[in-house]
Amino acid sequence: MLAVNGQASPLSFRASGDTLEVHYGGHQTRAVVYTLGESDHVFTAEGATQIVSIDLLAHAGDSAAESGRLTAPMPGKVVSFSVKAGDKVRKGQALAVMEAMKMEHTIAAPADGTVAEVLYAPGDQVAEGAELLKLGA
């Protein structure tokens with residue numbers, strides 16, 4: 001059920017390839033969906049729209065380039081680290097895996113550098129904003 005403007009109606013959909021068939025409130029709509037990066041471009045007979053999906057954990061290091069810090073963007077559990085203190089890393093290299101909201105997310109290096117310190121161990125629960133590891137030049 002989906003409520004729109006206080007009116008609840010059953011919602012169902014079926015996906016096949018790049019086509020999505022949606023049934024809601026006695027109406028049926030067919031959409032063609034093209035994915036490019038984090039954007040889904042949705043085209044229907046009624047019009048088109050773009051949906052941007054942002055994975056907060058995938059972008060955890062994006063703003064860390066200047067500070068050399070990587071922090072957890074949401075609460076979760078550390079699943080693993082693929083690096084240790086002293087390891088040289090390249091921009092985009094996987095550094096850690098976190099589990100949050102029942103999904104695993106890889107956190108990548110925001111820039112080339114050296115791992116200065118790993119601050120948690122696998123299995124540790126971390127709060128939003130917790131610094132996971134430190135990168136140096």
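- How far CD1 of Ile107 is from CG of Leu95: 8.0 Å, rounded to the nearest 0.5 Å.
- Atom OG1 of Thr106 and atom CE of Met98 lie 11.5 Å apart (nearest 0.5 Å).
- For the atom pair Leu119 CG and Thr71 OG1, the distance stands at 11.0 Å (nearest 0.5 Å).
- Residues Pro10 and Met1 share a closest heavy-atom pair of N-SD, 3.5 Å.
- The NZ atom of Lys77 lies 7.0 Å from the CD atom of Gln125; values are rounded to the nearest 0.5 Å.
- No continuous path of ILVMFWY side-chain contacts below 4.5 Å connects Phe43 to Val33, so the two sit in separate hydrophobic clusters.
- Here the closest non-hydrogen pair linking Phe81 and Tyr120 is CE1-O, 3.3 Å.
- When all heavy atoms are compared, the tightest approach of Ala15 to Leu20 is CB-CD1, 4.0 Å.
- Closest non-hydrogen pair, Ala100 versus Gly76, comes out as CB-CA, 4.3 Å.
- Looking at Tyr24, its side chain does come within 3.5 Å of a backbone N or O of Leu2 through a donor-acceptor pair.
- Residue Val83 is grouped with residue Val126 when hydrophobic side chains (ILVMFWY) are merged at heavy-atom distances under 4.5 angstrom, including chains of intermediate members.
- A distance of 6.0 Å separates OG of Ser82 from CD of Gln93, quoted to the nearest 0.5 Å.
- Nearest heavy-atom pair across Lys84 and Val115 is O-CB, 3.4 Å.
- Looking at every heavy atom in both residues, Thr114 comes nearest to Gly86 through CG2-O, 3.6 Å.
- Under a hydrophobic clustering in which Ile, Leu, Val, Met, Phe, Trp and Tyr are joined whenever their side-chain heavy atoms come within less than 4.5 Å, directly or via other members, Val79 and Leu132 fall into different clusters.
- Shown here is Gln7, whose CD atom has no more than 12 heavy atoms of other residues, nucleotides or ligands within 6.0 Å.
- Taken from OG1 in Thr35 to NE2 in His41, the straight-line distance is 8.0 Å, to the nearest 0.5 Å.
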